[in-house]
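Input: a single structure, listed below in structure tokens.
Each ligand, and each atom within it, is numbered from 1 in the order the structure gives. Start at 1 with the first residue, then count along the sequence.
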Amino acid sequence: MPSGPVTRFAPSPTGPLHLGHAYAALLAQHLAEAAGGTFLLRIEDIDQSRARPEWEAQIYDDLHWLGLSWPEPVMRQSDRRTAYQAALRVLWDRGLLYPCHCNRRDILAAASAPQEGAPLMGPDGIVYPGTCRPTEPPEGPMPERTALRLNMHLALQEIDSKLLFEEGGAGPDGETGRISIDRRHLVEGVGDIVLARRDMGTSYHLSVVVDDAAQGVTLVTRGADLFEATPIHVVLQHLLGLPRPAYHHHRLIRDETGKRLAKRDDARAIALYRAEGLTPTQVRAKVGL
Ligand code: GLU
């Protein structure tokens, strides 16, 4: 068994991989292998309305072309429903979740009520104004096909220890080293996040935390745009009794105008560079790895 860090690249198969993905994947592999560790791949396809098998096939093809390899079988989140349900049930049975029937418009209206001022934005958009939050924890079986939110205030009461994580890269404002998580910010600036979406039965936050633990990931590498999600993940690790990995948030690859690349930036798709005849070394050089 290798003793170094276990890292992963976790793309969603919803479009072509671009230079930003190439950088993320190469960095994850580099940080694992430079320290005698293991690089894993995970397909984050919980959003079945957007995931496509062609994109998944293209991910494998582009990553192999770049010179990356990983242990098989690859974990796919669409196969992990049972694990997500089990984690949700742990939280439900402790009274930490509640069903929410609000749609985006309800949330915007409640959060923009005159007495509320401008809606507060958290890592998942508008901070939930608490419309469906019950005064007593709900009882009975966990409802299905319903959005479930984490009662952040109650959840934090269950965690005695200090909330922190180790950052080996940097957040958007250069945050690095030991990062202390502010509980008040979690309640007021993050709020009752959705852990199970009605259409998916899970959420990005829940799936990532459950799967990183299941895969034995010890060093999470990802873009600095996800730094704000990390406090949520640390809370979930505490609540679910999962080990806390170290984190390395990395810079985002931007275009000439300074805008970060998105899936729609096909012009920087790895597949197009390949079609133009660039070598893997030339693509690596574009991202400095
Ligand atoms: N699937 C996420 C993405 O494509 C990455 C998840 C993570 O690294 O935590 O941005």
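Within the 4.0 Å heavy-atom cutoff, Tyr204 counts among the residues contacting ligand 1. Not a single heavy atom of His233 sits less than 4.0 Å from an atom of ligand 1.
Remark: among candidates Leu226, Thr14, Ile46, the nearest residue to atom 10 (O) of ligand 1 is Leu226, based on non-hydrogen atoms.
Note: His249 and Tyr247 have parallel aromatic rings, judged against thresholds of 30 and 60 degrees for the angle between ring planes. Note on ring orientation: taking the six-membered ring where Trp is involved, the planes of His64 and Trp70 are parallel (angle under 30°, cut-offs 30° and 60°).
Between the side chains of Gln215 and Asp211, no donor-acceptor pair of N or O atoms lies under 3.5 Å. Remark: the Arg274 side chain and the Thr279 side chain contain no N/O donor-acceptor pair separated by less than 3.5 Å.
By the 3.5 Å distance cut-off applied to N or O atoms, Thr221 is not counted among the residues near ligand 1. Checked by distance only, ligand 1 and Ala10 come closer than 3.5 Å through their nitrogen or oxygen atoms.
Contact annotation for His249 and ligand 1: no heavy atom of the residue comes within less than 4.0 Å of the ligand.
Remark: ligand 1 atoms within the under-4.0 Å shell around heavy atoms of Arg8 are 7 (C), 8 (O), 9 (O). Atoms of ligand 1 lying under 4.0 Å from at least one heavy atom of Glu44, given by number and element, are 1 (N), 2 (C), 5 (C), 6 (C).
For the residue pair Gly201 and Arg81, the shortest heavy atom distance occurs at CA-NH1, 4.0 Å.
Aromatic ring centroids of Tyr204 and His233 lie under 6.0 Å apart.
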